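This is a predicted model, so every value here is computed, not measured.
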Amino acid sequence: MLTCTRAIALSCSLLVAVLFGLLAGCNDVSSVSSPPAGPASLAVATNSLPPGAVGTAYHATVAAAGGTAPYTWIVSPALPPSLSLDTNTGDITGTPVNAGTTSHTFVVQDAAKDSATQTLSLSINPPGLAVTPITLPAGVVNQPYPVTTLTATGGVQPYTWSVSPALPNGLQFNIVSPGTISGTPLSGTAGTTQHTFTVMDTSTPMRKTASTGPLSLTITSAPPPLTLAPITLPNGVVNQAYPVTTLTATGGVQPYTWSVSPALPNGLQFNAGTVSGTPSKAGTTTHTFTVMDSSKPAQKSSVGPLSLTISPAVQPLLITTNSPLPNARVGRSYSTTLHSSGGTGPFSWSVSGQLPKDLVLNPSTGEISGTPALGTGGLLGLTYTFTYTVQDSSNPKQSNSKSLDLTITN
């Protein structure tokens, strides 16, 4: 009886030990791996956009952080004109055309369809301020100086101008845009001086400036002689635009005043030294052209009489050669000439496609010549059809095309 009791007690002790070990094993987590961390929350990582300038290529990128790539971008409202957003990369590119500051909400969506937003301001500055290059005309003592205007581009108008050092006595510089030089140089101002012209805009918070750099201003004691360059008037054609022809004057004091005597043929005009227009009547006339300067006393110079010939109206340009062309024989010298009527010579000929082997078209004369080779075009007796075009030298040019047949025989 005692032995049985001890056996039962031992068994119970063993069972309790096993259960305790199992329970202890359940609480031992020292060898278990931690679960992998999930992706960080999706966010727009860009907090500001760099400023741009009108007329200058722009590039910026809105970036995302967290989430699961790839990303897709949209923006609302749309970016300023000529700027665009790459929906895959977030790149903003283009060349701005308008200055100003706009606000845009950028939305990024990742592969898990999560999204994040960020509102950013985009500032586009005016184009850089610059002074248009200029050469100062010469002046003459006691003669009105040719009114000369300096211009600027970019920046923010209105502009304010200045000049350093001051202009010679008698000349004024208008500091309110546009910057204009005017006046009459006084006695004692003859010579050459250097001046730098500066323009300032009204940009904020800091005004921009731009300068010309030193410009030479020459004042002479007396105007140089006024002369007209020799010229030959080109011929014209009735009902065709006359070649614009400009007479050139040098010396004296500008501005110049021009005249012509007698008047030009009907349809032609003479304005500020330039002949232009469309003549309406044929014939040959002679004319004298005169220029007068602004010196006191005024100088004048003339050229002429000059002959001006207006030819009758150009007739329509036509190809008068009929189809078919004379047959060409293999191994025999061949020559035929295409003819036209109307238009104004010289003429230029061309053909669409490649003529039979060893035959060529002379572009100046319209002659087709050569010696057809054996096997030209394959079978003998084959007829070729080509389109020939002639163009004249009128203004505007005329052209005419015609299809003609050519047969190669034995």
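For Asp91 and Thr89, the side-chain atoms include at least one donor-acceptor pair closer than 3.5 Å. Counting only N and O atoms by type, the side chains of Ser211 and Thr198 include a donor and acceptor under 3.5 Å apart. Using modelled atom types, one finds a donor on one side chain and an acceptor on the other under 3.5 Å when comparing Ser335 with Glu367. For the 3.5 Å distance criterion, the side chains of Ser203 and Lys208 qualify, holding a donor opposite an acceptor. Residues Gln118 and Thr105 have side chains that never bring a donor and an acceptor to within less than 3.5 angstrom of each other. Between the side chains of Thr284 and Thr309, a donor-acceptor pair is found at a separation under 3.5 Å.
Panel note: side chain Tyr334, backbone Pro326; a donor-acceptor pair is recorded below 3.5 Å.
Atom CZ of Arg207 sits in a crowded spot, with more than 12 heavy atoms from other residues, nucleotides or ligands closer than 6.0 Å. Environment of NZ in Lys402: crowded, with over 12 heavy atoms of neighbouring residues, nucleotides or ligands closer than 6.0 Å. Counting heavy-atom neighbours within 6.0 Å of Ile175 CD1, excluding the residue itself, gives a total of 12 or less.
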Exercise. Could you check Thr371 against Ser333 for side-chain hydrogen bond (donor to acceptor under 3.5 Å, both in side chains), going step by step and ending with a plain yes or no?
Key: CA-CA 5 Å; Thr371 302; Ser333 177; 4.6 Å; no
Quiz item: Does the side-chain hydrogen bond (donor to acceptor under 3.5 Å, both in side chains) test come out yes or no for Ser403 and Thr387, once each step is laid out?
Solution: CA-CA 4 Å; Ser403 293; Thr387 298; 3.0 Å; yes
Quiz item: Can you list the steps and then say if Thr246 with Thr274 is a side-chain hydrogen bond (donor to acceptor under 3.5 Å, both in side chains)?
Solution: CA-CA 4 Å; Thr246 300; Thr274 299; 3.1 Å; yes
Exercise. Start with the C-alpha gap between Thr227 and Ser301, add the side-chain angles, then the distance that decides, and say whether side-chain hydrogen bond (donor to acceptor under 3.5 Å, both in side chains) holds.
Key: CA-CA 6 Å; Thr227 59; Ser301 179; 6.0 Å; no
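Note that the OG1 atom of Thr93 and the CG atom of Leu83 stand 7.5 Å from one another [nearest 0.5 Å].
Side-chain atoms of Val390 and Leu338, non-hydrogen and from C-beta on, never get closer than 4.5 Å to each other. The closest side-chain heavy-atom distance from Pro305 to Thr288 is below 4.5 Å. Contact annotation: the side chain of Tyr58 approaches that of Ile92 to within less than 4.5 Å [non-hydrogen atoms, C-beta and beyond]. Proximity of His287 to Pro262: side-chain heavy atoms (C-beta onward) are separated by under 4.5 Å at one or more points. Contact annotation: the side chain of Leu150 approaches that of Ile181 to within less than 4.5 Å [non-hydrogen atoms, C-beta and beyond]. Proximity of Asn174 to Gln172: side-chain heavy atoms (C-beta onward) are nowhere separated by under 4.5 Å. You'll find the side chain of Pro223 stays beyond 4.5 Å of the side chain of Gln254, heavy atoms only. At least one side-chain heavy atom of Ile368 sits less than 4.5 Å from a side-chain heavy atom of Tyr388.
Each of Leu308, Asn235, Thr278 was evaluated against Tyr242; a single residue qualifies, Leu308, per the side-chain contact (heavy atoms from CB on, under 4.5 Å) test.
Applying the ring-ring contact (aromatic ring centres under 6.0 Å, His included) rule to Phe197 yields the partners Phe173; only residues at least two apart in sequence or on another chain are considered.
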